Amino acid sequence: MQIAPFAIEQFFAEYEFSTPYLLCASDCETMTVAELLRLAEMSLSELGDLRLHYTDSQGSSDLRALIAAQYGAGNGRIEPQSPNALPVTAADIVVLTAPEEGIYLLMRTLLEPGDHVVVLTPAYNSLLNVAEHVSGNVSRWQIQATAVGWQLDLDELDRLLAAGAKLLIVNFPHNPTGLLPGAEEFEAIIALAQKHDVWLFCDEMYRGLELGGRETLPSAVTRYEKAIVLAGLSKVHGLPGLRSGWLVLRDAQLRADFINWKHYTTICPPSPSEFLALAGLRAQAQLTARNRHIIETNLETADSFFARWPGLFTWRRPQAGSVALVELHTPAVTAYCHTLAREAGVLLLPGEYIDYAAQFVRWGFGRVDFAQGLAQYDAYLQQSMPSAANAD
Ligand SMILES: Cc1ncc(COP(=O)(O)O)c(C=O)c1O
């Protein structure tokens, strides 16, 4: 049975390693193994001593305990705790061999053909496509563009869930718009999931990258019994090469079924990744602060760039995360992005590949060479369309 093309990954496969300036990457700046271990106060010789046996399918107990502690009070990760926060224990965690694996296997585990799924869109391809592939019955809860940002329509969500939904899929902070709901709005979404008794799959891959002093939302898993949370080290920590992530899956039967599915893909996490994931979590405070700082700095650079090209872009500044969806006022945006990559060595992701309106492109702000790439793009624009520049 065919599945829709994973358009984002296909686009990156074509350009990621041949285009010098990635202005649309969703991950943050990475580092070497040695740098990571230094930050985590762990030694390279410990890594050398690691034995490469099979590991616990659910993930090592040390790593799961450290992950579970993220969702408790006083963990240093700004976990806003209300008195009625639901506890998370190591038993609720399943370590993945990649965050992506969690999306694929959860849809396989939870959904049957015909089950109604509501997905927040635009979405990272797999959140939409795998659900569509398995259930064949997906409704889109579309984020609305406003003049200056993005907004959610809760009445629309209520209406969509009322049509007998089994699962609601959301992603906050949101890729690609950079939307972060307010605390009350987030509670209202949880309340709607509760009201309609649906499973809530909350992709929290960018949680911790709140910008402009905004608060981190509580994890959905501490707010709702039927919430299932995806998180990992690819974005916030800048460690995508580890392929490390986890699900928080509280329901024991669902968790057992999920692990059964996992035996058909990767069986267990790679031990070097588990070791380095421990390091990533120990160094979490430094990594998160560093990457938030990189994003904030790059956003300021982007602010002045967009001010210089007012007729060409509509800039909706992200509230959280490492990416934003920017309106680009040129004809044939997808073809434009391919030409830009080939002629200028600058990569922007066309909205069409996120199944979104064709005049949008995704930008990413997590890399240290962002300003250099932007200068390259600016020079290309000055040469190719000088009349679009702001004369001031
Ligand atoms: C929202 C979201 N969820 C999940 C993933 C998957 O993460 P990974 O590529 O590390 O498996 C991504 C990656 O871009 C993402 O943006």
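In each ligand, atom 1 is the first atom listed, and ligand 1 is the first ligand listed. Hydrogens, waters and symmetry mates are skipped; everything else that's a heavy atom, side chains included, is used. None of these values were measured; they are calculated from a predicted model.
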Would you call the rings of [X] and [Y] parallel, tilted or perpendicular, where under 30° means parallel and over 60° means perpendicular?
{"X": "F360", "Y": "W150", "result": "tilted"}
{"X": "F11", "Y": "Y353", "result": "tilted"}
{"X": "F305", "Y": "F313", "result": "tilted"}
{"X": "F186", "Y": "F172", "result": "perpendicular"}

If you apply the rule side chain to side chain contact (heavy atoms under 4.5 Å, CB included), what do you find for N129 with F6, and how did you get there?
CA-CA 8 Å; N129 294 354; F6 205 137; 5.7 Å; no
Does Q144 reach the main-chain N or O of Q142 with its side chain, forming a donor-acceptor pair under 3.5 Å?
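Yes; judged by distance alone, with no hydrogens or angles, the pair exists.
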Every residue of the protein that comes under 4.0 Å of ligand 1, judged on heavy atoms:
S26, P99, E100, I103, Y124, N171, N175, D203, M205, Y206, S234, K235, R243
